[in-house]
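Here the structure is laid out as structure tokens; the discussion comes afterwards.
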Amino acid sequence: MTFSVKQIDKGGYYMKRFKKLTAGLMGVVMALGVCGFTALAEDDDTTKEIDSNEDLVNAIKNQKDGQTWILAKGEYDVYNGENGGAYNFSIKSDPDKPEETGFAFPITANNLTIKAEDGADVTITSSYNPDATQGGVWRNQNFITISGEGVTIEGIDIKGNPNAYYDGTCNKAIELVGGGKNLKLRDVEILPVEGDNGANSGSIYFSVTDAGDTVLENVTVHSFISGWNVSSGTIKAENVELDLTGNRHAGDNKYSFGINVPENSTKIDGLTIKVDDTCNIEEQVFNENLKDGTTIELEEEGTYKTNKSITINKDVNIVGNGSTISAKTDLNVNGNENGSKGAIEINGGANVKIEDVTVEGNNNVKHVVNIYSGKDNELATVELDGVTLKDGIGYGIVNNSSNLVIKDVETSGNDWGGINVDNKYNVSESDFVMESGNITENTSIKVEKSVYNENDGITKVTINGGEIKGNVEVKEQTDVTINGGTFDGEIMAVNKENVNIVSGNFKTDVSDYIAEGSHIVEIYGEYVVMDEDEYLDDERDSHRHSYSLKEGK
């Protein structure tokens, strides 16, 4: 026999019941004394205190508009035990279809609130398990089916019933149907159901055209959220996590991992999608359903082998956790309208951060990361942090008329060079900034203006640090400022006015490029450039060195 917290605490429980009973009897006595034969008023039916399976089942059977159900700590099984475990509620999901009955957990009442008692851990589940034949019937695919307006579920974990038709997992944990809208889910986790071929919590599915004012706040789902037909109202996701690691649909491109609701019906304020390397991220995550404001979190040290470019045109953050993205198919054969195919392609208007990941071109891609925006002044703003880019046919990074900052970036084995910066489309705000990193190719950085016009904008580059093993090539209509870093190769500029060196360490004489107010010092055959303050400090403290600081020596 299972006891709830209230049942175990017998003293408090019975005292509470006794007080309620005493108050009720006194009320009856007073009513009879005053009114004589007046009929007794019905009990207040708006709030239901629930602490057993039977209580919850009865609440479902007798649900009314405006009720609040408050559940004590525990796990609740809403299996009915009759009619195959389903409830005889009629739900009309479509005006052109007849009403249906036989749902595991139907909610037809309006403005119904189901919430946990303060501080209580509550899970609602069902042992109703349709067989492989019946499981595919629509009404048997769902755990909770909602046709009521203004339903709120708060502070409760939901674990859908298993379904043999779906390998023992749940297909749809919550489905909004018919006139259902204005759903509120707060502080809810929809728990995974383990099946024969992986886990799935069941999706949150909107089969309505009007979602009303639906809010998902602090919600975790071990599946996806879909509403292909939503055309009015808004589904707002605030701090929502879709944890699709170990999901039974991973690798099946028919299933899009995200919030699959039309853009104009969705508002995102914090969305995280977690996937492991069984997922085809280039198809299942980076597709037309990807929403602005999404964080994609890869599994720790996973290896994602991709068959096509990862195309990004949304504001996203990729957290790599030390993972590797590896292009296993030749993506350079057909090319694209820009004459290239990258392992990662970032297009105009996107604000993107990629961190802690290695991207392998395997000589199957033109450029490893190809930021090809700026066309029609659609500026991409990109940050690469802790990213390794290797083995492209072209460059490790191409930054075309975009705003790019790199930190702790490493490039190696790219045939044309490490980094190419080109303000091809004359975007005045475009800028490349290198804070730190290790660029190893013979042509480490190439700065150019491939579409030349003396009236067009310039290509701006700022290098504040890092190790540059090869040459830095600087073409016309460019502006390169070096504020730090170590340079083993040459600075090769068409015009010396295109380069200004404020500080840095160089193996070749760069005196032609020294910025006004900076100084160059030769130390054991290498050249150190310092700004005025650094130079004066070292000159005063020259006793620390085995040389005397003199300009050029």
Side-chain angles (χ1 to χ4, degrees), residues 138 141-146 153 157-163 165-177 183 185 188-195 197-208 211 214-230 234-263 265-299 304 310 314 316-319:
W138 169 67
Q141 295 178 27
N142 303 350
F143 177 41
I144 300 176
T145 307
I146 301 173
I153 302 175
D157 291 340
I158 295 168
K159 188 171 185 179
N161 58 294
N163 186 324
Y165 186 84
Y166 295 99
D167 297 324
T169 67
C170 181
N171 184 31
K172 290 176 283 189
I174 298 175
E175 183 172 8
L176 208 63
V177 301
L183 174 65
L185 298 182
V188 168
E189 180 172 7
I190 302 181
L191 300 169
V193 180
E194 295 291 336
N197 297 299
N200 192 44
S201 68
S203 63
I204 300 175
Y205 201 91
F206 297 89
S207 293
V208 295
T214 288
V215 177
L216 313 178
E217 180 181 347
N218 299 325
V219 172
T220 298
V221 186
H222 295 265
S223 189
F224 33 86
I225 297 171
S226 293
W228 309 104
N229 296 320
V230 174
T234 302
I235 297 170
K236 186 174 184 180
E238 299 180 351
N239 192 28
V240 170
E241 180 179 290
L242 308 182
D243 187 347
L244 290 142
T245 56
N247 191 272
R248 71 181 293 266
H249 298 301
D252 187 342
N253 295 337
K254 295 194 300 291
Y255 295 92
S256 177
F257 284 5
I259 296 183
N260 309 314
V261 177
E263 190 82 33
S265 298
T266 313
K267 292 183 179 179
I268 303 296
D269 185 10
L271 171 65
T272 299
I273 301 174
K274 292 183 176 181
V275 291
D276 60 27
D277 61 10
T278 61
C279 174
N280 294 338
I281 56 173
E282 73 277 23
E283 294 271 8
Q284 294 188 275
V285 176
F286 295 96
N287 53 45
E288 67 276 7
N289 296 310
L290 185 64
K291 299 294 190 293
D292 285 332
T294 301
T295 295
I296 297 100
E297 189 171 328
L298 308 182
E299 73 168 312
Y304 296 77
I310 292 173
K314 298 292 184 181
V316 298
N317 180 14
I318 302 173
V319 180

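No hydrogens, no waters, no symmetry mates; every other heavy atom, side chains included, goes into these values. Values in this document were obtained by computation on a predicted structure and should not be read as measured data.
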Problem set entry | Verdict with reasoning, Cys279 to Val285, per side chain to side chain contact (heavy atoms under 4.5 Å, CB included) | CA-CA 8 Å; Cys279 174; Val285 176; 4.1 Å; yes

For this session: Can you tell me which residue pairs pass the salt bridge (charged side-chain N to carboxylate O under 4.0 Å, His left out) test with a partner in residues 279-296, sequence neighbours excluded?
Result: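 Found Glu283-Lys308.
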
For this session: Scan for salt bridge (charged side-chain N to carboxylate O under 4.0 Å, His left out) pairs involving residues 239-258, sequence neighbours excluded, and state none if there are none.
Result: Asp167-Arg248, Glu241-Lys274, Asp252-Lys254

Problem set entry | Which residues share a salt bridge (Lys or Arg N to Asp or Glu O under 4.0 Å) with Glu194, sequence neighbours left out | none

For this session: With sequence neighbours excluded, tell me which residues meet salt bridge (Lys or Arg N to Asp or Glu O under 4.0 Å) with Glu297.
Result: none

List the residues meeting side-chain hydrogen bond (donor to acceptor under 3.5 Å, both in side chains) with [X], not counting sequence neighbours, and say none if there are none.
X	value
Ser201	none
Lys236	Glu238
Gln284	none
Thr266	none

For the [atom1] atom of [X] and the [atom2] atom of [Y], what is their distance to the nearest 0.5 Å?
X	Y	atom1	atom2	result
Leu298	Ile273	CG	CD1	11.0 Å
Ile310	Ile281	CD1	CD1	4.0 Å
Thr220	Ile158	OG1	CD1	12.0 Å
Ile174	Ser203	CD1	OG	9.5 Å
His249	Thr278	NE2	OG1	12.0 Å
Tyr166	Lys172	OH	NZ	7.0 Å

Grab the two heavy atoms, one from [X] and one from [Y], that are nearest each other, plus how far apart they are.
X	Y	result
Asn239	Asn218	ND2-OD1, 2.7 Å
Asn287	Ser256	ND2-OG, 3.1 Å
Val193	Thr169	O-CG2, 3.4 Å
Thr245	Val275	CG2-C, 3.9 Å
Leu176	Phe206	CD2-CD2, 3.7 Å
Lys159	Phe143	O-CE2, 3.8 Å

Any donor-acceptor pair under 3.5 Å from [X] side chain to [Y] backbone:
X	Y	answer
Asn171	Gly202	no
Glu299	Asp277	yes
Thr214	Ala211	yes

Problem set entry | side chain to side chain contact (heavy atoms under 4.5 Å, CB included) partners of Thr295, counting only residues at least two apart | Thr272, Asn317, Val319

For this session: Just jot down the side chain to side chain contact (heavy atoms under 4.5 Å, CB included) partners of Val316, sequence neighbours excluded, or say none.
Result: Leu290, Thr294, Ile296, Ile312, Lys314, Val352

For this session: Start with the C-alpha gap between Asn247 and Tyr255, add the side-chain angles, then the distance that decides, and say whether side chain to side chain contact (heavy atoms under 4.5 Å, CB included) holds.
Result: CA-CA 11 Å; Asn247 191 272; Tyr255 295 92; over 6 Å; no

For this session: Go through the steps to decide whether Ile204 and Leu185 satisfy the test side chain to side chain contact (heavy atoms under 4.5 Å, CB included), and finish with yes or no.
Result: CA-CA 11 Å; Ile204 300 175; Leu185 298 182; 3.8 Å; yes

Exercise. Taking it one step at a time, do Glu175 and Trp138 satisfy side chain to side chain contact (heavy atoms under 4.5 Å, CB included)?
Worked result: CA-CA 11 Å; Glu175 183 172 8; Trp138 169 67; 3.1 Å; yes

Please list, one pair per line, the donor and acceptor atoms closer than 3.5 Å that link side chains of residues 221-229 to other protein atoms, with sequence neighbours excluded.
residue, atom, partner, partner atom, Å
His222, NE2, Glu189, OE2, 2.9
Ser223, OG, Asn200, OD1, 3.0
Ser226, OG, Asn260, ND2, 3.2

